[in-house]
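Before any comments, here is the structure.
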Protein chains: 2
Amino acid sequence: MEQTKMRILSAAAKLFDIHGYQGTSVRKIAEEADVNVALISYHFQGKQGVLETLMASYFETLFRLLGEQEATLASAPVWQRLEQVVRLYVQFHCEHAAITRLIQRELSVESMLAREVMTLYMSRYKHGLASVLEYGIGTGEFQTCSVDRVVLGVTSHIVYPLLHPQMVRQVYELEPASEEFSDWLYTSVLDFLRVSLLPDSRSSTLFHE
Amino acid sequence: MEQTKMRILSAAAKLFDIHGYQGTSVRKIAEEADVNVALISYHFQGKQGVLETLMASYFETLFRLLGEQEATLASAPVWQRLEQVVRLYVQFHCEHAAITRLIQRELSVESMLAREVMTLYMSRYKHGLASVLEYGIGTGEFQTCSVDRVVLGVTSHIVYPLLHPQMVRQVYELEPASEEFSDWLYTSVLDFLRVSLLPDSRSSTLFHE
DNA sequence: GTCTATAAGGGGATAGAC
DNA sequence: GTCTATCCCCTTATAGAC
């Protein structure tokens, strides 16, 4: 049943986030989902299938949202488009913090199981931001700079705090899942982009080749 | 024997980095170290003891280096002290990239084994950077800002690329272990700090409360 | 300090009944 | 689609010989 698959995915997302992928057994997932163990293999061909399904659905959702936005903003001024893309990235990561954490963590394991699947997703993931930056540089509205490095800077800013929610709670006294946190992150990243991309900025070699 | 302990620690650091802590078995560590399995329990009271020893030695080394630097630079101008502290952090993280990756990854697991041990280390870890910033703000040489947020920004910048060495290789065409990468990271972080801390910067709300 | 042998348990996956 | 029972492998840790 479709409901069973959803229960398994929810339970797995929760436990993978708390204990890590390797630290979670299919038995624990079944228990948390209140579902028989064998159903995990039946519906997802095993534990790795659950992970891959989670990742796929995460990225497909992000790409769908990016596509929808692209359609409505295609002719808007480039800075406004950048603002909207950044807002989408920040909100998406915050809303799906647990899976973001899971993906980023597993991605840092060199012998990751689903590495081939991931490289494809990551390339489209980067392109969502990079394409707007490249367009702005092309029209001369943005300073010439290394797009790759700016994208890495933005990603670091957004993702790193999500990787350590307990630190964010202590240091920021902000709930990582809250709207305040999301808003603050959005403002920070835009400031960073302003400094990196807009001319009339004071002399800085930041992210410029 | 002391050599045996070192062989185990080296092997464990390598395998934990490649496969993750949970993904590495004591048998594989023993094999990689060319040492009998039982010696891991004998010398480190089990697998977790190896992890804790690695983490402890990592932080003790960093804190010792910070202390030595503090002693020689105590009376230097604050911006120069900041430069030296940042250089130390960047170089240290790059030189010990594998253990940095391991620690940051395991730290993002909510049910991490050695969490109590870690919180103590992390507080001193942050203080190394924060103390210089606070001093500079106190003398009025740095703009008033949220020290915690600047420290998080710096940490994100340094650590995130190290978490994804394969991405760095593709995107930057730089070897994450190389001196060029370390130098670039140093320059980037200093630029970031200049924008965040020094007055006469163009209007930016970045990291200011 | 080092080794062998073994204990005691948990892991993922599946065959076959319903 | 769901469940039970089971297989087989690998895990960590340790007792006891050397």
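Keep in mind that the numbers below use all heavy atoms, side chains included, and drop hydrogens, waters and symmetry copies. The sequence lines fix the lettering, A, B, ..., with proteins before strands; numbering per chain opens at 1. All of these numbers come straight from a predicted model, not from anything done at the bench.
Of the possible donor and acceptor atoms, one in the side chain of A:K47 sits under 3.5 Å from a partner among the backbone N and O of A:Y21. Of the possible polar contacts, none joining the A:R105 side chain to the A:L163 backbone as a donor-acceptor pair under 3.5 Å is found.
A ring-centre distance under 6.0 Å is found for A:Y58 and A:F92. Aromatic ring centres of B:Y125 and B:H93 lie closer together than 6.0 Å. Residues A:F192 and B:F192 place their aromatic rings such that the two centres sit no closer than 6.0 Å.
Side-chain N/O atoms of A:E83 and A:W79 include a donor and acceptor closer than 3.5 Å. Using a 3.5 Å distance cut-off with no hydrogens or angles, the side chains of B:H157 and A:S156 do not pair a donor with an acceptor. At a cut-off of 3.5 Å, with distance as the only test, no side-chain donor of A:Y89 or A:T155 sits close to an acceptor on the other residue.
For the segment residues 37-50 of chain A, the set of residues with a heavy atom within less than 4.0 Å of an atom of DNA chain D comprises A:A38, A:L39, A:Y42, A:H43, in numerical order. Less than 4.0 Å separates DNA chain C from at least one heavy atom of each of the following residues of residues 14-25 of chain A: A:T24, A:S25.
At least one side-chain heavy atom of B:K5 sits under 4.5 Å from a side-chain heavy atom of B:F44.
Boundaries of the chain A contact region on DNA chain C are C:dG11 to C:dT14, first to last in 5' to 3' order (nucleotide atom under 4.0 Å from a heavy atom).
At whole-Å resolution of the value, CZ in A:R27 and C1' in D:dT6 are 10 Å apart.
The only option from B:I158, B:V86, B:L174 that meets the side-chain contact (heavy atoms from CB on, under 4.5 Å) definition with B:L185 turns out to be B:I158.
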